[in-house]
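Notes follow once the structure below has been shown.
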Amino acid sequence: MKRYTCPMHPQVMKDEPGKCPLCGMDLVPMGGAKKEAHSHHGHHQHHDHKEHSHHSENHNHHSDSGYDKHEGHHTHDFLKRFWVSLIITVPVLLLSEMIQHWFGFTIAFPGDKYVLLTLGTIIYIYGGMPFLKGMVGEIKAKAIGMMTLVAIAISVAYIYSVAVVFGLPGMDFFWELATLIVIMLLGHWLEMRSTMAASKALQSLVALLPNDVTVERHGEALKIKLEDLKNGETIIIKPGEKIPADGTIVDGVSYVNESMLTGESVPVKKEKDGKVIAGSINGEGALRVTATGVGKDSYLNKVINLVQDAQAAKSNTQNLADKVAKWLTYIAIAVGVITFIYWFGSSGDIAFALERMVTVMVTACPHALGVAIPLVVAISTTLSATNGLLIRNRTAFETTRNLSTIIFDKTGTLTKGSHAVEKVIPLTDKYAADEMIQYAAAVQQYSEHHIAKGILKTLKERNLELWKSENFSYMAGIGVKAVVNGKEVVAAGPNYFKQNNLTEPETPKEINQSIETVNYVFIDGEVIGIITLADSIREGSQEAIDQLKKMNIKSILLTGDNEKIAKAVSEQLGMDGYIANVLPHEKQEKVKEYQAKGEVVAMTGDGVNDAPALAQADVGIAVGSGTDVAAETADIILVNSDPRDVVKMIDFGKRTYKKMVQNLLWAVGYNVIAIPLAAGVLYPDFVLSPAMGAVLMSVSTIVVAINASLLKLKPLK
């Protein structure tokens, strides 16, 4: 599916081609303007390509020809109009009475003013067309703005000059009109080049997919177009190729670079039954993959849609910028009219009064304001996505800078969530440690509990044989039992003793009960040993908590585990507190309690059973739901399970906000100074010409665009 965007307003995205509701320009296909943004001399090749596409892609005729016809059309269009207008401007300047007067030369011939009129008209219509069309679009969309200001300014200048040619006393304005349009076209072109950066960032995500795919059909390898790929087909991915769809590996081993999607810089080892993500790059090995997520279903597509929604979503700061831009437009028109009335009233010189009015209109163009926030938003959202931070809710992302408390769900966030076997302690001489593990694993093999997974993992690591078991039964909250090698085997926790009125043996000294879970193994009713398991703390947890301390943000541990374990983990990491024995449905209540104390709370959980708590928190952060972007209630999704990403996100949220504020201040401050100058406050010491006003306006916008893209320079640490 192709998305269309406006070259002037990259935040506008539609599924169908059409006009931009903000400025009336034709929308261009996303990804379509990409080549053009890099090079303007590559234009002819696109045309050859277009011809080719007419013949070869007949079934796709409509979309292809439309796609190429627009390729980079608008950026190029402004540039072309600029050059044509610039060439016509030369004779206009030479024939202008004012310029001749200044430079002390004369060029005069019968009917010269009509030649000037003709050239001026060509520039007004050809050079001014984008602005005049834009004005119509803005008026239709009831969004009077920048295009309208420019259009009014050039129209006033043109109509007045025509009147002078036909006998109105005064000097014509054609040279001003010509230079004004030329500078406006150049300014717009430069501005579009810089705004392209934002939509280009998104296009870079779209561009992660290859165009062609090799599939295996009826035993032979065929090259097909990506859009013809279906779910369930077997794809062959050669070394170094981009992975075209999400899928499961059927055959082969390779290392895959997923950094552009998850921010994980080290290539990840993939083997049979492993999952691959569309858009990642295959390393040295060849892979055969069954496609499970093609096109719309792929993780990449979900990320692209998420980024687009987030870029389009308005946050508070952006609403403010829109309001300011709207008011500035009204102010510009009002100040323009007042300026005209004042100067015409005081001097009677209609030419000077008009020149001031036109200058005010042009200088006050709130372009910089229009670009200020959307650009930062677009760049920060995409940059986050390529670093494994997916922003679903921009307002919540802005809230991250005010957070005072972060509640971490322990299992799987700060800890690995996998219980690993710590110690194996035989209590009799009858069975050795390895044999104990074999009995325990045989009993546990049908259980889904994390203790079972931990014991089976150890069996695998020690290369021991997994024995068969029968008559398996699960005792809720206690343990499991089954018959192994003809013996009745039980693997259970301390509750088993209470349940059966048995005396629990004394716990050996070497066991640290505050962090280890104790599991007993019984054979034919006799305790033969203890296996302890512990949930280990993730690398990065310590650093994350330390960084939050520096930011004066409290970190609280929330867990369903017992008090001892919660206390041990929380103390080991130096956290500000813990809440233990919390059942899933109580998590939301705990978040509410902190909010009631006036804290701005972020909840960090795995996005599945923490949904109500994530929704309740001021900022809901889903961790490690990784390639499953379906953490519906979360505001922000951290693709990796690294707790340091929480810190990264807060830091980036602060920097993004700072850029927005800088841009707003610059854009508003510039207008506060420029409008009075344009109105002629310092006359006669300093007079700002309309052409100079246009230069200032363009420069102001470009400064804002450059400042927004500086977000890229500082990598997320």
Side-chain angles (χ1 to χ4, degrees), residues 93 96 98-99 102 128 131 144-158 160-161 170-171 173-188 190-191 321 324-372 662-707:
L93 290 175
S96 286
M98 179 76 99
I99 300 287
W102 279 353
F131 306 108
I144 301 274
M146 310 159 196
M147 291 295 195
T148 310
L149 280 178
V150 180
I152 292 175
I154 59 176
S155 301
V156 168
Y158 176 71
Y160 171 74
S161 303
M171 275 192 180
F173 232 35
F174 284 123
W175 69 276
E176 285 274 20
L177 173 74
T179 46
L180 183 59
I181 287 180
V182 164
I183 290 166
M184 276 294 175
L185 287 169
L186 181 66
H188 265 193
L190 286 169
E191 184 187 331
V324 176
K326 200 164 86 184
W327 277 105
L328 255 177
T329 306
Y330 296 144
I331 289 168
I333 294 172
V335 173
V337 173
I338 294 164
T339 302
F340 175 76
I341 294 167
Y342 171 79
W343 286 112
F344 186 58
S346 62
S347 67
D349 182 346
I350 191 165
F352 182 74
L354 271 173
E355 182 189 80
R356 289 300 93 220
M357 174 174 147
V358 171
T359 313
V360 167
M361 297 283 201
V362 176
T363 313
C365 254
H367 261 143
L369 251 181
V371 176
Q662 284 167 1
N663 276 358
L664 270 179
L665 289 175
W666 168 268
V668 173
Y670 149 81
N671 277 296
V672 168
I673 293 166
I675 293 178
L677 284 181
V681 177
L682 295 181
Y683 181 81
D685 303 326
F686 176 78
V687 181
L688 191 69
S689 72
M692 197 57 215
V695 168
L696 278 182
M697 185 218 84
S698 302
V699 168
S700 155
T701 310
I702 291 161
V703 167
V704 165
I706 291 170
N707 187 35

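Position 1 is the first residue of the sequence; numbering continues from there. This structure is a prediction, so every number in the text was calculated from the model and none was measured.
- Minimum heavy-atom separation, Leu688 to Leu677: CB-O, 4.1 Å.
- Closest approach of Ala151 to Ser155, counting heavy atoms only: O-OG, 2.7 Å.
- Val703 places a side-chain heavy atom less than 4.5 Å from the side chain of Trp666.
- For OH of Tyr342, the number of neighbouring non-hydrogen atoms (other residues, nucleotides, ligands) closer than 6.0 Å is 12 at most.
- In this structure, OH in Tyr683 is found 9.0 Å from OG in Ser346, a value given to the nearest 0.5 Å.
- We find the CE-CZ distance between Met357 and Phe344 to be 12.5 Å, quoted to the nearest 0.5 Å.
- The side-chain heavy atoms of Ile341 and Val337, taken from C-beta on, include a pair separated by under 4.5 Å.
- Looking at heavy atoms from C-beta onward, Val362 lies out of side-chain contact with Val150 at the 4.5 angstrom threshold.
- Ile331 CD1 to Asn671 CG: the interatomic distance, rounded to the nearest 0.5 Å, is 9.0 Å.
- If you run side chain to side chain contact (heavy atoms under 4.5 Å, CB included) between Phe173 and each of Val358, Ile154, Leu180, only Val358 comes through.
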Phe686 and Val681: CA distance, side-chain angles, deciding distance, side-chain contact (heavy atoms from CB on, under 4.5 Å) verdict:
CA-CA 8 Å; Phe686 176 78; Val681 177; over 6 Å; no
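- Across all non-hydrogen atoms, the minimal contact from Thr339 to Val335 is OG1-O, 2.6 Å.
- Contact annotation: the side chain of Thr329 never approaches that of Thr148 to less than 4.5 Å [non-hydrogen atoms, C-beta and beyond].
- Contact detail for Pro676 and Ile673: the closest heavy-atom pair is CD-O, 3.3 Å.
- Between the side chain of Thr179 and the backbone N or O of Trp175, at least one donor-acceptor pair lies under 3.5 Å.
- We find the CD1-CE distance between Ile675 and Met361 to be 11.0 Å, quoted to the nearest 0.5 Å.
- The CD1 atom of Ile183 sits 8.5 Å away from the CE atom of Met692 when rounded to the nearest 0.5 Å.
- Between Tyr330 and Trp327, the two ring planes are perpendicular [angle over 60°; tilted spans 30° to 60°].
- Taking CD of Glu176 as the start and CD1 of Ile181 as the end, the distance is 12.0 Å to the nearest 0.5 Å.
- With a 4.5 Å cut-off on side-chain heavy atoms, Leu149 and Phe131 do not count as touching.
- Judged by distance alone, with hydrogens and angles left aside, the side-chain atoms of Arg356 form no donor-acceptor pair with the main-chain N or O of Gly336 at under 3.5 Å.
- For the ring pair (Phe, Tyr, Trp, His ring centres under 6.0 Å) test, no residue two or more places apart in sequence or in another chain qualifies with Tyr670.
- When all heavy atoms are compared, the tightest approach of Val704 to Ala372 is CG1-CA, 3.4 Å.
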